[in-house]
Amino acid sequence: MANNKPIIFVLGGPGCGKGTQCERIVRDFGFLHLSAGDLLRDEVKRKSELGKKCEQLMKDGKLVPAEVTLSLLSKAMKDANNAKGYLIDGFPRALEQAQAFDKTVGRPNLVIFLECPQDVMEKRLLKRGETSGRSDDNLETIMKRFETFQKESLPVIAFYRKLKAGLVLQQSSVPPPDMVYKEMELIIRKAITPVISTRDAYSQCSLWPGPDCPNILNMDNPI
Ligand code: AP5
């Protein structure tokens, strides 16, 4: 925790629904939502030197240098001293980012990994691209973003699984957004409220105690 405040990372492939789920978490937990992509897009809009450097990398579906995202995030966290907690979306996306955050800021209380098949993410992004105005919501860049995710971001999930059992909550983001959120809500509450016992949180899961409850399986037996 940064200053004893909870930190949640929300990770997953391009278009899996990170921003969509973050809206719901913010609504119910009042955390400060920091999207690495939005922070970078703000820099690009500002036409700062940093923004100019990042713009092309983003259009190419590549990651911007680790020190850039880390410094934007650390500053935003410092500026929001009164936040109840931090919900960080789209960071860390590479092992070096995860390691640097661990050293300089702290360890997350929970890492949410939203899992979604590539063809579903592709359809979502192409649909969003009809109106988003985002320079990276086109088929060519989307394919590059998928590649970057597979190569650089998936190892981050493995890193957190190794770091601590139960740290990663793996959740399918294929069902409708409210259903996805409902499956995660109690686990999130448990992760940031140590007084709620594990059993209490699990017993309220709609599928408990069956072996089909994806959250229980993933919390107890991280792959
Ligand atoms: P970023 O902005 O983070 O893009 P992304 O990871 O590709 O994810 P998106 O924001 O496109 O999608 P999302 O998962 O939030 O899904 P959303 O909720 O919007 O990053 C952009 C770029 O910035 C990167 O490529 C990189 O260059 C750079 N960057 C960012 N972070 C970096 C970092 N840490 N280090 C270095 N570089 C970095 O949903 C998508 C669509 O699907 C929406 O239309 C939504 O309505 C719909 N939808 C969502 N959930 C559902 C659902 N359950 N059912 C049906 N539709 C759904």
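Order of listing sets the numbers, starting from 1, for every ligand and every atom in it. Along the sequence shown, residues carry numbers from 1.
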Atom 28 (C) of ligand 1 has as its nearest protein heavy atom Leu40 CD1, 3.6 Å
closest protein heavy atom to atom 40 (C) of ligand 1 is Arg128 NH1, 3.8 Å
Please identify which atoms of ligand 1 are closer than 4.0 Å to at least one heavy atom of [X].
| X | result |
| --- | --- |
| Gly17 | 13 (P), 14 (O), 16 (O), 17 (P), 18 (O), 39 (O), 49 (C), 50 (N) |
| Arg41 | 2 (O), 21 (C) |
| Leu125 | 11 (O) |
| Cys16 | 14 (O) |
| Phe91 | 34 (N) |
| Thr69 | 32 (C), 33 (C), 34 (N), 35 (N), 36 (C) |
| Ser173 | 53 (N) |
| Lys62 | 26 (C), 27 (O) |

Among [options], which one puts a heavy atom closest to [atom]?
| atom | options | result |
| --- | --- | --- |
| atom 36 (C) of ligand 1 | Val64, Thr20, Thr141, Leu73 | Val64 |
| atom 3 (O) of ligand 1 | Lys18, Arg93, Arg145 | Arg93 |
| atom 47 (C) of ligand 1 | Glu23, Arg124, Arg134 | Arg124 |

So does Lys53 pair up with Glu49, basic N to acidic O under 4.0 Å?
-> no
If we only count N/O pairs under 3.5 Å, is Gly15 in contact with ligand 1?
-> yes
Acceptor/donor pairs from residues 11-25 side chains to any protein atom, 3.5 angstrom cut, sequence neighbours excluded:
| from | atom 1 | to | atom 2 | distance (Å) |
| --- | --- | --- | --- | --- |
| Lys18 | NZ | Gly12 | O | 3.1 |
| Lys18 | NZ | Gly13 | O | 3.0 |
| Gln21 | OE1 | Tyr181 | N | 3.4 |
| Gln21 | NE2 | Pro177 | O | 3.1 |
| Arg24 | NE | Asp178 | OD1 | 2.7 |
| Arg24 | NH1 | Thr20 | O | 3.0 |
| Arg24 | NH2 | Asp178 | OD1 | 3.3 |

State whether the side chain of Thr148 and the backbone N or O of Lys144 hold a donor-acceptor pair below 3.5 Å, judged by distance alone.
-> yes
Mind checking whether Tyr160 and Phe9 have parallel, tilted or perpendicular rings, split at 30° and 60°?
-> tilted
Would you call the rings of Phe149 and Phe113 parallel, tilted or perpendicular if under 30° counts as parallel and over 60° as perpendicular?
-> tilted
